[in-house]
Amino acid sequence: MTDHSILPLLNRIAAAQSIDEAWALATAHFASLGFRRVNYGFTRFRHLKTIGDPDDALFLSTCDSDYVNRYFRGGFYAKTPVFRWAECNSGACTWTWVKEAFEAGHLSAEEAEAVRQNLAMGVTAGISVSFPEVSARSKGAMGMIADPGLTHQDVDRIFAERREEILAVANMMHLTIVHLPHLSRHRALSPRQREALEWVADGKTTQDVALLMGVSPAMVEKHLRLAREALSVETTAQAVAKGALLNMIFQRLPDAARAAR
């Protein structure tokens with residue numbers, strides 16, 4: 001795909017109205033290049049060496065459920081050398097350096113074991129993309145796993161030939177995703193909880209919100225309490241801040257949802 005022919009894809013990703021849509025468009029393109037398995041992670045709550053509460057992070061994958069459970073939910077990703085690289089760098093690289101470091105004995109015991117486990121699962125060559133972030137608390141990264149049969153040399157060749165294309169699609173996907181609502185079962189807000197938080201963010205008192213929403217002040221307090229519980233915070237101010245960071249308040253509804261209102 002030439003620089004010119006990739007523009008329609010970039011436009012479709014930029015116009016995506018959900019994280020799933022942007023993810024599907026980008027990963028379909030990566031699959032066409034020989035990378036059907038892709039992992040992506042993003043957090044706005046990084047602290048020191050941790051990603052914060054995993055429930056606040058976004059994890060996406062095209063891998064099978066067994067690998068996803070092990071890689072994300074089991075915390076396997078944090079033991080891999082490519083995770084260490086992504087923590088300390090912005091940009092992109094192939095995994096040839098991992099192979100060379102492993103063979104030379106330059107990896108930690110934990111990282112070397114992670115490489116061996118990946119090899120046993122058919123995860124060998126690939127590409128890592130670590131996205132630049134403007135906030136010290138934010139970090140996003142993506143791993144593209146080469147299809148079976150592709151060697152490190154094959155991946156190096158593909159990356160040399162298609163580097164700008166891969167980075168353009170990856171960066172557009174990432175920029176689109178981080179501006180879309182992060183909706184998950186762990187951090188779900190009802191429409192009324194969201195509305196209450198939005199009015200509070202506008203500086204309204206509980207009495208004001210009650211009048212605006214047409215409910216009692218006690219009901220407003222209930223909506224705010226449930227919102228705090230859903231977002232796992234102590235105060236309403238924290239709920240407003242966290243809801244805004246996760247793009248869960250003041251969100252633009254998809255066209256279909258607006259038409260149905």
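For the residue pair S90 and P132, the shortest heavy atom distance occurs at OG-CA, 3.7 Å. What you find for A14 and T176 is that their closest heavy atoms are CA-OG1, 3.6 Å. Pairing each heavy atom of G126 with each of V155, the nearest pair is O-CG1, 3.5 Å. In terms of heavy atoms, A92 sits closest to F159 at CB-CZ, 3.7 Å. Nearest heavy-atom pair, Y40 versus V178, reported as atom, atom and distance to 0.1 Å: OH-CG1, 4.1 Å.
Interatomic distance, CG of L10 versus CG of L25, reported as 10.5 Å (0.5 Å rounding). K222 contributes atom NZ, which lies 12.5 Å from atom CG of L224 (distance to the nearest 0.5 angstrom). In this structure, K242 NZ and L197 CG are separated by 12.5 Å, a value rounded to the nearest 0.5 Å. Interatomic distance, F35 CZ to M142 CE, rounded to the nearest 0.5 Å: 9.5 Å. Here the straight-line distance linking atom CE of M173 with atom CD1 of I13 works out to 8.0 Å at 0.5 Å rounding. Atom CD1 in I145 sits 5.0 Å away from atom CG in N39 (nearest 0.5 Å).
For the pair V98 and T80, the minimum side-chain heavy-atom distance is 4.5 Å or more. Two residues are said to be in side-chain contact when any heavy atoms from C-beta on lie closer than 4.5 Å; V123 and R37 meet this criterion. The side-chain heavy atoms of L231 and Q193, taken from C-beta on, include no pair separated by under 4.5 Å. Considering only heavy atoms from C-beta on, T27 stays 4.5 Å or farther from L60 through its side chain. Between W85 and C93, the closest side-chain pair of non-hydrogen atoms falls below 4.5 Å. Counting only heavy atoms from C-beta outward, the side chains of P191 and H223 never approach each other to under 4.5 Å. Within the 4.5 Å cutoff, the side chain of F131 has no heavy atoms near those of the F42 side chain.
Follow the hydrophobic side-chain contacts under 4.5 Å out from L211 and you never reach V220; the two are in separate clusters. Transitive grouping of hydrophobic side chains (ILVMFWY, heavy atoms separated by less than 4.5 Å) keeps M144 and L175 in distinct clusters. L226 and M248 are not part of a single hydrophobic cluster, where members link through side-chain heavy atoms under 4.5 Å apart.
Under 3.5 Å, the side chains of S108 and E110 contain no donor-acceptor pair of N or O atoms. In this model, a donor atom of one side chain and an acceptor atom of the other lie less than 3.5 Å apart for H174 and E133. Side-chain atoms of Y67 and N118 form a donor-acceptor pair, as typed in the model, at a separation below 3.5 Å. Looking at T235 and R228, their side chains never bring a donor and an acceptor atom within 3.5 Å of each other. For the 3.5 Å distance criterion, the side chains of S130 and N89 fail to qualify, holding no donor opposite an acceptor. If you check the side chains of H29 and E165, you find a donor sitting under 3.5 Å from an acceptor.
T62 places a side-chain N or O within 3.5 Å of a backbone atom of R36 that can act as its donor or acceptor partner. Checked by atom type and distance alone, the side chain of D154 pairs as donor or acceptor with a backbone atom of T151 at under 3.5 Å. Within the 3.5 Å criterion, the main-chain N or O of T205 finds a donor-acceptor partner in the side chain of D208. Judged by distance alone, the side chain of R192 and the main-chain N or O of M213 form a donor-acceptor pair under 3.5 Å.
Residues K99 and E103 are paired through a salt bridge, judged by an N-O separation under 4.0 Å between the basic side chain and the carboxylate. Salt-bridge annotation for E113 and R116: present, with a side-chain N of the basic residue lying under 4.0 Å from a carboxylate O of the acidic one. Taking the charged nitrogens against the carboxylate oxygens, E229 and R225 do have a contact shorter than 4.0 Å, which makes a salt bridge.
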Review point. Would W95 and V115 satisfy side-chain contact (heavy atoms from CB on, under 4.5 Å), going step by step from the backbone distance to the final call?
Key: CA-CA 11 Å; W95 296 353; V115 171; over 6 Å; no

**Study point:** S232/Q238 under side-chain contact (heavy atoms from CB on, under 4.5 Å): CA gap, chis, key distance, verdict
**Key:** CA-CA 9 Å; S232 191; Q238 291 169 340; over 6 Å; no

Review point. Can you list the steps and then say if Q117 with R70 is a side-chain contact (heavy atoms from CB on, under 4.5 Å)?
Key: CA-CA 11 Å; Q117 291 185 36; R70 184 175 188 179; 2.3 Å; yes

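Residues forming a side chain to side chain contact (heavy atoms under 4.5 Å, CB included) with L212 (at least two apart in sequence, or on another chain): W199, K204.
Note: Y77 and F59 meet the aromatic proximity criterion, with ring centroids under 6.0 Å apart.
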